[in-house]
Novice: 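Attaching a single structure in structure tokens format; questions to follow.
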Amino acid sequence: MDQEQLRYPIGKFIFQDGYTPAEIKTNIQIISALPSKFINLLGGWTEEQYNTPYRPDGWTVRQLIHHVADSHINAYTRCRLALTEDNPVIKPYEEHLWAELPDAKAAPVELSLQLIRFVHLRWVLLLNSMGETELARTYVHPASGRTFRMDEVIANYAWHSEHHYQHAYKLAARNNW
């Protein structure tokens, strides 16, 4: 398997001009399902398995799970900002540096699995409450200067959810775990 396939097991995210109500519903379902999928996959893994990189020069599964928790907490907060402020500029963070912090490298995976579980419960309630007006609300990411609509954010984080789930799933498959 080549590095690009290991890095992007479901391909890179591609923004669409818009999303149908059915696509939005499917994307919310993908976000909703992630905690259970991770818990089912990772239940019973050993510390050695958690400390295995999902690809050469990649994060360990432990760092990956902590990254998903960090990322999705930020995404939930950004959605709330977009729904309560007019086109706010969100606060970016250095995810690669966060993944190198001591807690990301050593904290029990279960902590972030539970964070993901509970953040997703709140986030999905929020996402499901959005109508057409809320889905059109936006925020600006200062690093790119790009304005993101909520329907795009939902699609991007559905992709992000499956992208990182597949990192762990395919690692397990390659190693017969």
Side-chain angles (χ1 to χ4, degrees), residues 1-20 22-76 78 90 92-113 115-117 119-120 123 141-146 148-149 151-177:
M1 192 173 280
D2 69 26
Q3 284 293 336
E4 190 73 2
Q5 197 170 19
L6 288 172
R7 189 169 182 191
Y8 295 102
I10 63 169
K12 293 182 180 179
F13 181 73
I14 299 169
F15 286 99
Q16 296 176 196
D17 290 337
Y19 297 87
T20 67
E23 288 171 321
I24 293 165
K25 182 177 180 178
T26 297
N27 287 331
I28 293 170
Q29 288 170 338
I30 291 167
I31 292 168
S32 178
L34 182 66
S36 294
K37 287 176 68 171
F38 267 141
I39 290 166
N40 290 334
L41 176 64
L42 301 174
W45 279 29
T46 65
E47 292 298 306
E48 183 179 343
Q49 288 168 312
Y50 290 141
N51 291 327
T52 303
Y54 70 87
R55 67 177 169 88
D57 301 318
W59 290 333
T60 65
V61 173
R62 180 183 313 278
Q63 288 171 295
L64 179 82
I65 298 303
H66 294 318
H67 160 72
V68 171
D70 293 340
S71 174
H72 291 198
I73 289 167
N74 275 285
Y76 170 65
R78 291 168 179 178
I90 56 93
Y93 67 101
E94 299 293 336
E95 63 184 39
H96 65 284
L97 296 177
W98 284 35
E100 295 300 321
L101 290 171
D103 66 320
K105 292 179 109 174
V109 169
E110 181 65 22
L111 296 176
S112 281
L113 288 174
L115 276 172
I116 294 166
R117 180 174 164 234
V119 167
H120 278 232
W123 193 17
H141 196 296
S144 66
R146 190 178 192 290
F148 292 88
R149 291 185 325 271
D151 63 340
E152 293 177 309
V153 171
I154 293 167
N156 191 14
Y157 280 94
W159 172 87
H160 189 260
S161 295
E162 190 60 23
H163 168 71
H164 284 309
Y165 174 77
Q166 287 296 323
H167 283 144
Y169 178 81
K170 291 189 176 201
L171 172 67
R174 287 193 306 274
N175 289 296
N176 297 313
W177 293 345

Novice: Identify each donor-acceptor pair in which a side-chain atom of residues 6-15 lies under 3.5 Å from a protein atom, sequence neighbours left out, and give them as a table.
Specialist:
none

Novice: Sequence neighbours left out, what passes side chain to side chain contact (heavy atoms under 4.5 Å, CB included) with Asn175? Give chain and number order.
Specialist: Leu171, Trp177

Novice: Count the heavy atoms of every other residue, nucleotide or ligand shown that sit under 6.0 Å from OH of Tyr169, and state whether that count exceeds 12.
Specialist: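 No, because the 6.0 Å sphere around OH of Tyr169 holds 12 heavy atoms or fewer from other groups.
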
Novice: From Trp123 CH2 over to Ile28 CD1, what is the distance, rounded to the nearest 0.5 angstrom?
Specialist: 10.0 Å

Novice: Dump the intermediate steps for side chain to side chain donor-acceptor pair (under 3.5 Å) on His167 and His164, then the final yes or no.
Specialist: CA-CA 5 Å; His167 283 144; His164 284 309; 3.1 Å; yes

Novice: If you look only at pairs with a residue in residues 101-111, which of them pass as a salt bridge (charged side-chain N to carboxylate O under 4.0 Å, His left out), with sequence neighbours excluded?
Specialist: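 Listed by first then second residue: Glu100-Lys105.
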
Novice: Which label fits Tyr157 and His72: parallel for a plane angle under 30°, tilted from 30 to 60°, or perpendicular past 60°?
Specialist: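 Geometry flag for His72 against Tyr157: perpendicular rings.
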
Novice: Hey, does the side chain of Thr26 reach the backbone of Ala22 with a donor-acceptor pair shorter than 3.5 angstrom?
Specialist: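 Pair found, side chain donor or acceptor close to backbone of Ala22.
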
Novice: Are Leu113 and Pro35 packed together at the side-chain level, in the sense that at least one heavy-atom pair is separated by less than 4.5 angstrom?
Specialist: no

Novice: Looking at Val109 and His66, what are the two nearest heavy atoms and their distance?
Specialist: CA-CE1, 4.1 Å

Novice: Could you state the interatomic distance from CD1 (Ile154) to CZ (Arg149), rounded to the nearest 0.5 Å?
Specialist: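 Reported value, rounded in 0.5 Å steps: 10.5 Å.
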
Novice: Would you give me the side-chain donor-acceptor pairs under 3.5 Å for residues 37-47, sequence neighbours excluded?
Specialist:
unit_1: Lys37; atom_1: NZ; unit_2: Glu162; atom_2: OE1; d: 2.6
unit_1: Asn40; atom_1: ND2; unit_2: Ser36; atom_2: O; d: 3.1
unit_1: Trp45; atom_1: NE1; unit_2: Leu41; atom_2: O; d: 2.9
unit_1: Thr46; atom_1: OG1; unit_2: Glu48; atom_2: N; d: 3.4
unit_1: Thr46; atom_1: OG1; unit_2: Gln49; atom_2: N; d: 3.1
unit_1: Thr46; atom_1: OG1; unit_2: Gln49; atom_2: OE1; d: 3.3
unit_1: Glu47; atom_1: OE1; unit_2: Arg62; atom_2: NH2; d: 2.5

Novice: Ala106: which residues meet the side chain to side chain contact (heavy atoms under 4.5 Å, CB included) condition with it, sequence neighbours left out?
Specialist: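 Listed in chain order: nothing, the list is empty.
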
Novice: Minimum heavy-atom separation for Pro142 to Pro92, with atom names?
Specialist: CG-CD, 3.5 Å

Novice: For the CG atom of Asp17 and the CD atom of Glu152, what is their distance to the nearest 0.5 Å?
Specialist: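 Between Asp17 CG and Glu152 CD, I get 8.5 Å after rounding to 0.5 Å.
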
Novice: Could you pull out the closest heavy-atom pair between Tyr93 and Ser71, with the gap in Å?
Specialist: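 Closest approach of Tyr93 to Ser71, heavy atoms only: OH-CA, 3.1 Å.
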
Novice: Quick one: are His67 and Gln63 in side-chain contact, heavy atoms under 4.5 Å?
Specialist: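 No, every pair of side-chain atoms sits at 4.5 Å or beyond.
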
Novice: I'd like to know if the side chain of Arg55 and the backbone of Glu4 have a donor-acceptor N/O pair within less than 3.5 Å.
Specialist: no

Novice: Of all heavy-atom pairs between Ala99 and Ala104, which one has the smallest distance, and what is that distance?
Specialist: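 Closest heavy-atom pair between Ala99 and Ala104: O-CB, 3.5 Å.
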
Novice: Which residues pass the salt bridge (charged side-chain N to carboxylate O under 4.0 Å, His left out) test with Glu23, sequence neighbours left out?
Specialist: none

Novice: If I compare all heavy atoms of Ile30 with all of Ser161, which pair ends up nearest, and what's the gap?
Specialist: CG2-CB, 4.4 Å

Novice: In Å, rounded to the nearest 0.5 Å, how long is the span from CG of Asp151 to CD1 of Ile24?
Specialist: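 Separation between the atoms: 5.0 Å.
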
Novice: Rounded to the nearest 0.5 Å, what separation is found between the NZ atom of Lys170 and the OH atom of Tyr54?
Specialist: 13.0 Å

Novice: If you round to the nearest 0.5 Å, how far is CD1 of Ile116 from CD1 of Ile31?
Specialist: 12.5 Å

